[in-house]
Amino acid sequence: MAAAPPTITVTPLEEKVVVLERIEVPRDSQYALKFAGAAISNMVSSGICNPTDIVKVRQQLRRQTPGARANAFWSVGVEMARKEGISSLMGGLSASMLRELVYSGLRMGTYEYFKDKLFEASKGALTREGLALKIGAATIAATIGSSLANPADLVKVRMQAYYPDGSPYRSLRHAFASIYQEGATLAVSRGSPSMSGGLKALYRGVEATTIRGIVLSATQICSYDQIKQSLKKRGVMQEGVPLHLVASAFAGLFCSITSNPVDVVKVRLMNDKHHEYKGALDCIRQVLAREGPFGFYKGFGMCWARLGTHTILTFLIFERVRALLGIEAM
């Protein structure tokens with residue numbers, strides 16, 4: 001008996017299509033990539049916004065009556081360009097990049113890590129939709145990032161300040177060494193260890209820096225997260241660039257309003273070489289006495305121009321980097 005002919009099975013074309021499943025990035029790896037994405041996006045944004053940042057610092061260091069024409073952001077910017085050259089508007093860029101790597105990499109890059117950990121620890125008491133979880137995560141992330149980045153932040157302010165005889169700092173490394181040596185010399189003259197004096201000098205203003213970081217992050221990151229979540233939930237907008245733009249624009253305004261007063265105190269303390277202020281509270285008292293409550297909003301126009309633009313650019317770039325790395329949107 002002849003063998004039966006082989007059976008040929010015809011499979012529909014659609015069944016032959018090989019579906020490539022998306023490779024899932026391990027959760028722990030995602031946290032590392034989020035840190036990298038946050039650092040990159042903030043460094044790019046800071047580089048673009050450096051001119052507005054240095055004008056803001058110069059405004060906050062001045063002590064004229066708030067609103068005086070000489071302290072207007074366009075007056076300060078034009079004066080810098082005329083007296084110090086256009087390149088002066090990029091002063092302190094190297095310190096700014098280092099600061100963003102540490103500060104923003106940690107405060108924004110670890111935000112979701114702490115959100116996940118707090119959610120697990122609360123056993124459902126904190127909801128992912130609620131503000132409490134977001135503020136708690138932002139507070140922890142900002143505290144760590146701000147405190148560790150204080151030396152770079154202080155060096156940035158010193159390098160961006162105005163010096164009639166020219167900047168005493170040749171480079172980022174020289175600025176770190178000079179400030180450390182100032183503190184060490186002062187400590188030795190008072191009978192204290194030189195190392196503690198040097199470190200204390202680099203960490204001057206850390207209280208104001210940390211408070212500003214918490215206030216800024218709680219309003220910037222949390223408002224962006226909350227606005228995005230609300231608009232998507234109500235069906236007003238879908239995930240994409242328009243949603244990221246709207247949410248980041250509001251976040252930039254909110255964090256500018258809340259952080260400017262603390263920023264003024266932080267900048268004054270960091271540039272206080274002669275120890276005119278005994279601490280953050282004494283600085284607040286002196287600003288109030290000499291310049292009034294509006295003294296805390298010196299440089300607000302430039303703060304909003306800088307921080308608002310910085311916030312929009314940062315979140316747009318951050319979301320794009322996440323997409324390229326295969327990480328879901330924030």
Side-chain angles (χ1 to χ4, degrees), residues 25 30-31 33-56 73 96-97 99-101 103-115 128-131 133-135 137-138 141-142 145 212-260 263 299-330:
V25 180
Q30 280 198 350
Y31 291 134
L33 291 175
K34 286 173 183 176
F35 171 84
I40 291 169
S41 59
N42 279 277
M43 288 170 76
V44 171
S45 301
S46 288
I48 295 171
C49 298
N50 200 80
T52 55
D53 187 36
I54 191 169
V55 172
K56 179 208 70 174
F73 64 85
S96 180
M97 294 297 100
R99 171 186 179 268
E100 294 298 341
L101 175 64
Y103 168 62
S104 294
L106 286 170
R107 77 178 181 90
M108 188 175 286
T110 64
Y111 167 68
E112 289 165 282
Y113 169 81
F114 287 115
K115 259 181 72 174
R128 291 195 178 277
E129 293 75 24
L131 272 173
L133 179 67
K134 298 181 179 73
I135 293 173
R212 177 188 179 274
I214 293 170
V215 171
L216 186 144
S217 297
T219 47
Q220 183 194 55
I221 301 176
C222 297
S223 62
Y224 176 79
D225 195 359
Q226 189 71 21
I227 291 168
K228 262 191 71 177
Q229 190 180 79
S230 298
L231 291 175
K232 285 165 63 177
K233 187 176 181 180
R234 288 170 171 75
V236 178
M237 301 183 79
Q238 301 300 316
E239 190 67 53
V241 174
L243 175 61
H244 304 159
L245 183 60
V246 170
S248 59
F250 279 105
L253 173 60
F254 295 155
C255 67
S256 297
I257 293 171
T258 58
S259 67
N260 200 90
D263 201 27
F300 176 74
M302 195 50 72
C303 175
W304 186 16
R306 184 259 175 190
L307 195 51
T309 304
H310 185 283
T311 300
I312 292 171
L313 289 173
T314 294
F315 282 116
L316 289 177
I317 297 170
F318 189 36
E319 295 282 19
R320 182 57 183 161
V321 170
R322 290 169 73 107
L324 292 173
L325 293 175
I327 302 173
E328 64 181 357
M330 186 172 169

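This one's a predicted model, so the numbers in the text were calculated from it and none came from an experiment.
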Could you tell me whether the side chain of [Y] reaches within less than 4.5 Å of the side chain of [X], counting heavy atoms only?
X    : Y    : value
W304 : L253 : yes
Q220 : M108 : yes
S46  : R306 : yes
H310 : I48  : no
L307 : D263 : no
L101 : M43  : yes
L216 : T258 : no

Give a yes or no on whether the backbone of M330 and the side-chain of E319 come within a donor-acceptor separation of less than 3.5 Å.
yes

If I take atom [atom1] from residue [X] and atom [atom2] from residue [Y], how far apart are they, to the nearest 0.5 angstrom?
X    : Y    : atom1 : atom2 : answer
R99  : S104 : CZ    : OG    : 6.0 Å
I40  : S45  : CD1   : OG    : 11.5 Å
L33  : I327 : CG    : CD1   : 4.5 Å
S41  : R320 : OG    : CZ    : 14.0 Å
N42  : T311 : CG    : OG1   : 8.5 Å
I257 : C303 : CD1   : SG    : 10.0 Å

Aromatic ring pairing F315/Y224, orientation class (parallel under 30°, perpendicular over 60°, tilted between)
parallel

For [X] against [Y], the heavy-atom pair lying closest together:
X    : Y    : result
K232 : E239 : NZ-OE1, 2.8 Å
A142 : G213 : CB-O, 3.3 Å
A138 : S217 : CB-O, 4.0 Å
K34  : R322 : CE-NH2, 3.7 Å
G326 : Q30  : O-NE2, 4.5 Å

Quick one: salt bridge (charged side-chain N to carboxylate O under 4.0 Å, His left out) pairs with a partner in residues 242-251, sequence neighbours left out?
none

May I ask you to check if R107 and Y111 form a cation-pi contact, with NZ or CZ under 6.0 angstrom from the six-membered ring centre and within 45° of the axis?
no

Please lay out, stage by stage, how F35 and L106 fare under the test side-chain contact (heavy atoms from CB on, under 4.5 Å).
CA-CA 7 Å; F35 171 84; L106 286 170; 4.1 Å; yes

Got a sec, which residues hit side chain to side chain contact (heavy atoms under 4.5 Å, CB included) with L231, two or more places apart in sequence or on another chain?
I227, V236, M237, L243, V246

So with a 6.0 Å cut-off around CZ of F250, is the heavy-atom count from everything else above 12?
no

Y113, OH atom: more than 12 neighbouring heavy atoms under 6.0 Å
no

Side-chain donor-acceptor pair present, S248, H244, cut-off under 3.5 Å
no

